[in-house]
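First comes the structure, then the notes that go with it.
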Amino acid sequence: MKSNVMKMVDRRDGKLAMAHFYVAFIALAIGGLAGLLQTLVRSGKFVLPAGIGYYQILTVHGVVLGLVLTTFFIMGFQLAAVSKTAGTLTKRQRTIAWIGFWLMTIGTLMAATMILLNKASVLYTFYAPLQAHALYYIGLTLVIVGSWFDGAAIVIAYIAWRKANPGQPSPLLTFMSLVNTLLWIVATIGVAATVLLQLLPWSLGLVDRVDVLVSRTLFWYFGHPLVYFWLLPAYMAWYVVIPKVIGGKIFSDSLARMSFILFLLFSIPVGFHHQLTEPGIDPAWKFLQVILTFLVVIPSLMTAFSLFATFESYGRSKGAKGLFGWLKVLPWNDARFTVPFIGMLSFIPAGAGGMVNASHQLNQVIHNTIWVTGHFHLTLATAVILTFFGITYWLVPHLTGRTLTKAMNKLAIIQAVFWATGMTFMSGAMHAAGLLGAPRRSSFSEYGGAAQAAEWIPYQVAQAIGGSILFIGIILMVYIFINLAFFAPKGEEEFPVGEAADEAEKTPMVFENWKLWLGITVILILFAYTIPFIDMIENAPIGSKGYKLW
Ligand code: HAS
Ligand code: CU
């Protein structure tokens with residue numbers, strides 16, 4: 001596209017998105033350092049200085065990378081995507097989003113302060129009976145409420161677009177941002193409920209105990225869709241941005257929308273696959289939720305299919321022959337493509353591992369072992385995060401009026417090679433050690449942690465080697481981000497938005513029927529959770545004050 005006809009994201013919306021990215025990349029730097037320290041501690045060759053606890057840095061790592069980096073990056077990206085494809089935000093929409101940004105930032109600072117004071121070393125899952133200072137829970141609540149404001153700006157912008165363009169399907173990136181926002185709002189109700197109704201009153205001393213099973217169930221009602229809230233922005237880039245970057249077409253607009261709707265429907269009623277070993281939930285309901293988990297694999301398989309189709313049709317249009325000839329003609333020296341592509345590759349074993357986890361019998365082998373940590377470092381910390389890095393390379397210069405230079409592009413590819421190498425060592429060793437029974441969340445030395453079996457030690461060392469390589473990757477990434485935000489030469493960088501190959505065929509309007517989709521979402525949630533919840537509450541333990549806990 002010629003730069004003079006290129007529609008840029010409005011500067012004011014750019015500032016809003018960039019504010020989110022500053023917080024995200026500060027989080028990357030802090031959380032990455034904590035991660036390095038953990039692998040060193042686990043190797044048994046390093047002791048944390050100044051009385052800092054292992055669980056304290058593990059909490060920093062999980063909260064700052066899993067919750068803060070992701071939420072800020074995703075909201076910034078989605079706001080930019082909506083501004084680009086549905087038009088500049090109105091003043092009111094932008095103000096709502098800024099309120100969201102500040103609430104999230106204040107909440108983050110509150111929670112971070114409590115973690116640094118060692119008053120909230122409860123990990124990112126904050127399972128009861130681990131208890132944090134009330135300010136930690138209030139901080140997390142502000143992050144969630146803030147994200148609802150960001151989400152509201154997206155919903156309002158979508159409604160306004162639909163009003164102005166009756167009878168037309170919304171722009172694909174706006175549609176996708178909306179689905180992910182709806183998914184997020186429905187999911188966060190669960191975590192807000194456990195924090196506000198159980199953990200906060202308990203931490204303030206208003207109640208003496210809480211029902212642990214109810215709190216874990218509410219957490220995982222949220223925790224599984226949380227991982228798809230992370231994944232879907234990566235899918236936005238895979239479906240819409242990557243085809244444009246390589247010079248090809250989106251395989252099918254309708255297929256992309258369909259897969260996003262399936263994520264909305266099937267992401268939430270599956271939380272029990274994190275609780276398969278928990279007593280107090282009837283196996284029949286666990287079975288149902290495992291089936292629903294396998295249903296939510298389908299939109300990922302559709303995504304893989306669609307990506308292969310995009311790559312192959314582009315390759316054939318360039319004259320590629322044979323089963324894998326298309327691989328040769330892809331633009332390997334373009335970081336905007338190569339970096340997310342490495343993410344896609346890693347998602348193949350990552351997804352296979354997920355299906356292992358979801359299979360009840362196999363889950364007995366890997367549950368609470370470091371295999372699970374290996375799984376989410378391939379999914380979130382490789383497939384998703386490398387895609388977010390790939391987005392950063394064009395979006396940040398686009399928003400700051402700069403360009404990605406040849407030198408930075410090269411460094412970005414080197415960064416991804418470091419990342420992939422470090423993660424292969426670290427995540428590979430985690431999977432292997434997990435199969436040998438090495439527990440997750442354990443420093444082996446503190447707080448009576450499990451004794452270290454000799455056969456795990458080589459894997460712990462491999463994790464530390466991988467962690468150190470990854471830390472170099474983090475330094476490179478932070479360096480590239482600072483360059484693109486403040487120092488790269490002025491210019492215009494493209495915001496790549498692909499076109500569908502099947503544009504002649506009209507996208508059916510049924511995808512925009514929110515009464516239908518949200519209705520089915522709610523029915524599925526009620527189906528999967530109502531009876532188990534009644535069971536839990538009926539059989540709840542009696543608290544010391546003589547009434548039932550919940
Ligand atoms: Fe998971 C635990 C099951 C996906 C993250 N998961 C976790 C935890 C996290 C996490 C953070 O059922 C730990 C939570 C904790 O702290 O306790 N997960 C699944 C399943 C999937 C899955 C079935 N997980 C993810 C994603 C995550 C994520 C995505 C983050 C972003 N997971 C589980 C289960 C547990 C679990 C259990 C609990 C374990 C326990 O006991 O505690 C599926 O959604 C995966 C489907 C994916 C695919 C892959 C499709 C491939 C694509 C790439 C195509 C590539 C191309 C390039 C085109 C089917 C789309 C090709 C080019 C060539 C040249 C070949
Ligand atoms: Cu899950």
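Just so you know, ligand 1 is whichever comes first in the structure, and atom 1 is the first atom listed for that ligand.
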Open item on the list: Could you check whether any heavy atom of Y228 sits closer than 4.0 Å to an atom of ligand 1, since that is the contact criterion I want to use?
Closed with: yes
- [ ] If the plane angle is over 60° it's perpendicular, under 30° parallel, otherwise tilted; pick one for W238 and Y235.
- [x] tilted
- [ ] Give, rounded to 10 degrees, the angle between NE2 (H273) and ND1 (H224) as seen from the Cu ion (ligand 2).
- [x] 100°
Task: Numbering as shown, the atoms of ligand 1 that approach V297 to under 4.0 Å (heavy-atom distance) - done: 59 (C)
Task: Distance from atom 37 (C) of ligand 1 to nearest protein heavy atom, with residue and atom - done: N357 CB, 3.2 Å
Task: Options H224, R440, H274, M344, ranked by nearest heavy atom to atom 17 (O) of ligand 1, top entry - done: R440
Open item on the list: Taking 4.0 angstrom as the limit and counting only heavy atoms of F376, give me the atoms of ligand 1 inside it, by number and element.
Closed with: 5 (C), 8 (C), 9 (C), 10 (C), 11 (C), 13 (C)
Task: Shortest heavy-atom approach to atom 39 (C) of ligand 1 - which of T379, N363, I242, L327 - done: N363
Open item on the list: Which of the numbered atoms in ligand 1 are under 4.0 angstrom from any heavy atom belonging to L301?
Closed with: 59 (C)
TODO: Number the atoms of ligand 1 from 1 as they appear, then name those within less than 4.0 Å of a heavy atom of A358, with their elements.
DONE: 12 (O), 37 (C)
TODO: Consider ligand 1: state whether an atom of it lies below 4.0 angstrom from any non-hydrogen atom of F229.
DONE: no
- [ ] Number the atoms of ligand 1 from 1 as they appear, then name those within less than 4.0 Å of a heavy atom of Y124, with their elements.
- [x] 11 (C), 14 (C), 15 (C), 16 (O)
Task: Backbone or side-chain N or O of W230 under 3.5 Å from ligand 1 N or O - done: no
Task: Backbone or side-chain N/O/S of H375 under 2.8 Å of atom 1 (Fe) of ligand 1 - done: yes
TODO: Supply the atom-to-atom distance L295 CG to S267 OG, rounded to the nearest 0.5 angstrom.
DONE: 11.5 Å
TODO: Pick one of side chain, backbone, both or neither for how F266 approaches ligand 1, counting any non-hydrogen atom pair under 4.0 Å.
DONE: neither
TODO: Classify the ring geometry between H274 and H224 as parallel (under 30°), tilted (30 to 60°) or perpendicular (over 60°).
DONE: tilted
TODO: Check whether the ring centres of W285 and Y529 lie less than 6.0 Å apart, and answer yes or no.
DONE: no
TODO: Would you kindly specify which portion of V384 sits under 4.0 Å from ligand 1, judged on non-hydrogen atoms: side chain, backbone, both or neither?
DONE: side chain
Open item on the list: Let me confirm one number: the CD1-CG distance from I52 to L37, rounded to the nearest 0.5 Å.
Closed with: 7.5 Å
Open item on the list: Taking the cut-offs as 6.0 angstrom to the six-membered ring centre and 45 degrees off its axis, would you call R257 and F175 a cation-pi pair?
Closed with: yes
- [ ] Classify the angle between the aromatic ring planes of F263 and F260 as parallel (below 30°), tilted (30 to 60°) or perpendicular (above 60°).
- [x] perpendicular
TODO: Output the list of atoms in ligand 1 that are nearer than 4.0 Å to some heavy atom of L345, sorted by atom number.
DONE: 62 (C), 63 (C), 65 (C)
- [ ] Examine T293 against ligand 1 and note whether any of their N/O atoms are separated by less than 3.5 Å.
- [x] no
Task: Closest to atom 58 (C) of ligand 1 (judged by heavy-atom distance), picking from V356, T373, L307 - done: L307
- [ ] Could you verify whether a donor N or O on one side chain and an acceptor N or O on the other, from N409 and R336, lie under 3.5 Å apart?
- [x] no
Task: Closest to atom 42 (O) of ligand 1 among Q289, R441, M302, H367 (heavy-atom distance) - done: H367
TODO: Determine whether the side chain, the backbone, both or neither of V372 has a heavy atom under 4.0 Å from any heavy atom of ligand 1.
DONE: side chain
TODO: Starting from atom 49 (C) of ligand 1, find the nearest protein heavy-atom neighbour and note its residue, name and distance.
DONE: F347 O, 3.5 Å
Open item on the list: Any donor-acceptor pair under 3.5 Å linking the side-chain atoms of S147 with those of D150?
Closed with: no
Open item on the list: Heavy-atom distances under 4.0 Å decide this one: backbone, side chain, both or neither, for F294 against ligand 1?
Closed with: neither
Open item on the list: Could you check whether F251 and Y239 have their ring centres less than 6.0 Å apart?
Closed with: no
TODO: Would you indicate which of G351, G62, G354, S300 comes nearest to atom 45 (C) of ligand 1 when only heavy atoms are counted?
DONE: G351
- [ ] Kindly assign one of parallel, tilted or perpendicular to the pair W326 and F311, based on the angle between their ring planes and the thresholds 30° and 60°.
- [x] parallel
Open item on the list: Taking the ring of F222 and the ring of F219, is the distance between their centroids below 6.0 Å?
Closed with: yes
- [ ] Would you kindly say whether W230 and T70 are connected by a side-chain donor-acceptor distance under 3.5 Å?
- [x] yes
- [ ] Give the atoms of ligand 1, by number and element, whose distance to some non-hydrogen atom of F341 is under 4.0 Å.
- [x] 62 (C), 64 (C)
Task: Under-4.0 Å heavy-atom contact with ligand 1, by part of L276 that carries it - done: neither
Open item on the list: Under the side chain to side chain contact (heavy atoms under 4.5 Å, CB included) test against M477, which residue among F389, F418, W419 passes?
Closed with: F389
